2 protein chains.
Amino acid sequence: MAVRAERVHATREQLLTAAERLFAERGVFAVSNRQVSEAAGQGNNTAVGYHFGTKTDLVRAIVRRHAAPIERLQQRMVAEAGDSADVRDWVACLVRPLTEHLADMGNPTWYARFSAQVMTDPALRGIVLEEAYTSPTMMRIVDGLNRCRPELPPEIRAERDDMARQVIVHMCAERERALADDAPTPRPSWHDAATGMIDAIAGLWLAPATIPTREEAS
Amino acid sequence: MAVRAERVHATREQLLTAAERLFAERGVFAVSNRQVSEAAGQGNNTAVGYHFGTKTDLVRAIVRRHAAPIERLQQRMVAEAGDSADVRDWVACLVRPLTEHLADMGNPTWYARFSAQVMTDPALRGIVLEEAYTSPTMMRIVDGLNRCRPELPPEIRAERDDMARQVIVHMCAERERALADDAPTPRPSWHDAATGMIDAIAGLWLAPATIPTREEAS
DNA sequence: ATTTAATTCAGTCAATTGACTTAAGGCTGA
DNA sequence: TCAGCCTTAAGTCAATTGACTGAATTAAAT
């Protein structure tokens, strides 16, 4: 009974893996659905269309595949953080689930580069925001972070939250790129890279905010 | 004598402007050279090819067009900074030239979104790095910044320099997007947005760095 | 005034793309 | 066992793309 379902699942996984790699290496829009199908070993040139639909749907499927294990790691860390008032604890909840997930997958990985591209593309960024940044777990992390600096105006908290996200996504992509190119990296492991990000982002969050004044020079 | 040169220059400018807008709104690889030519009012469907060559060359031309005025602003700010040992002064040299340039161009702008995409695309990122991040002025800024934290290991300084860049590029893109969509922005002006970034990036630079230890848990 | 050469225009080409169609394969379930 | 249907394969289609072609335009030089 499960033989068929397994085969289908395997095909879908092959397509997702091939797509993720090609997208990361050549760019999401530089790769056609056909190329993905062929790279996945499917003679059928419409395999992507059959299993996923449009390229947007394929991108969403890739995001979802990683969102699940990452969220599991997030939940564990949020539970550990409890009701901490230490910025570092919450920043770690933001950083470590992704870096650990990347570390778990071994080398090479493609998801960080893929993710950075998707987040930057006007037609695709909505997908990641919906799939990965609206979960209840993510809300709790943002909340925990905000409670560490209650005196900051909400707009500035939102701003810094955004900055932290950008740093994480794009620094992971950068490191992944370096690993793929056999280029030197500032840190020997994903864990250490995460530590560097946590240091920096904690500093970013704890930095004093210039009070906007009315008579400031243009 | 200059009539012809002027016409050609005008055509090139129209192509660059149209390309920049379409690239920012729809994505660099989602827009064909033909569409750029048509949007620029050129009946000739090979106008881009004739004037610039490949899409990569077109992207480079767009980057160059903005690099010049931005670098002028950088030079002015670097001169003001002198040999300051204040992180904020050097971070400002990194942030304000871009935000001022965007402010100078009025609303809407497209360069920040364009730039963020190009920086993230595996085939194009090299262009910006060459054209905008290797100038002597940029070197001096990085140098000034590094001298503010001489005790940090060079890899960590490189890492934080990278983080600062990512924050600037992508937060500007985010703000530009919000302006284009008539969405609310955390800050009323590019100048204020820059202040927010400078606060945060200064904090990022000044944050204490965890000393890597050998017996850290994996 | 006439020639020259750069620019713009219009048409065409092979190659590629997403989508569609049809047929074959093989697990599923009665 | 065997009919049914989901998956895969293979071929096709119109549309689009980058590139090439030659002609028309027109400022510039003689």
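Every heavy atom of this structure was used, including side-chain atoms; hydrogens, water molecules and symmetry mates were not. Remember, it's a predicted structure, so these values are computed and weren't measured experimentally.
- Shown here are the side chain to side chain contact (heavy atoms under 4.5 Å, CB included) partners of A:Ala178, two or more places apart in sequence or in another chain: A:Ala183, A:Thr185.
- Taking atom CG on A:Asn44 and atom P on D:dT8, their separation rounds to 8 Å, with Å as the unit.
- Among residues two or more places apart in sequence or in another chain, the side chain to side chain contact (heavy atoms under 4.5 Å, CB included) test is passed with A:Ala68 by A:Arg72.
- Separation of atoms CG (A:Asp161) and CD1 (A:Ile201) is listed at 10.0 Å; rounding is to 0.5 Å.
- In this structure, A:Gln74 has no side-chain hydrogen bond (donor to acceptor under 3.5 Å, both in side chains) partners at least two apart in sequence or on a different chain.
- The side-chain hydrogen bond (donor to acceptor under 3.5 Å, both in side chains) check on A:Arg12 picks up nothing, with sequence neighbours excluded.
- Within residues 32-42 of chain B, the residues that place at least one heavy atom under 4.0 Å from DNA chain D are, in residue-number order, B:Ser32, B:Asn33, B:Arg34, B:Gln35.
- A:Thr56 is linked by a side-chain hydrogen bond (donor to acceptor under 3.5 Å, both in side chains) to nothing, counting only residues two or more places apart in sequence or in another chain.
- Look at CG on A:Asp57: it is 10 Å from P on C:dA19, rounded to the nearest Å.
- Sorted by first then second residue, the ring-ring contact (aromatic ring centres under 6.0 Å, His included) pairs that include residues 41-63 of chain B, not counting sequence neighbours, number zero.
- Residues forming a side chain to side chain contact (heavy atoms under 4.5 Å, CB included) with B:Thr17 (at least two apart in sequence, or on another chain): B:Arg65.
- Going from atom CG of A:Asn45 over to atom P of C:dA15 covers 18 Å, rounded to whole Å.
- Atom CD in A:Gln14 sits roughly 15 Å away from atom C1' in D:dA9 (whole-Å rounding).
- Residues passing the side chain to side chain contact (heavy atoms under 4.5 Å, CB included) test with B:Asn33 are B:Val48, B:Lys55, sequence neighbours excluded.
- Sorted by first then second residue, the ring-ring contact (aromatic ring centres under 6.0 Å, His included) pairs that include residues 157-186 of chain B, not counting sequence neighbours, are A:His170-B:His170.
- A heavy atom lying under 4.0 Å from DNA chain C marks none of the residues of residues 20-30 of chain A.
- In the region residues 46-56 of chain B, proximity to DNA chain C at under 4.0 angstrom, judged on heavy atoms, holds for B:Tyr50, B:His51.
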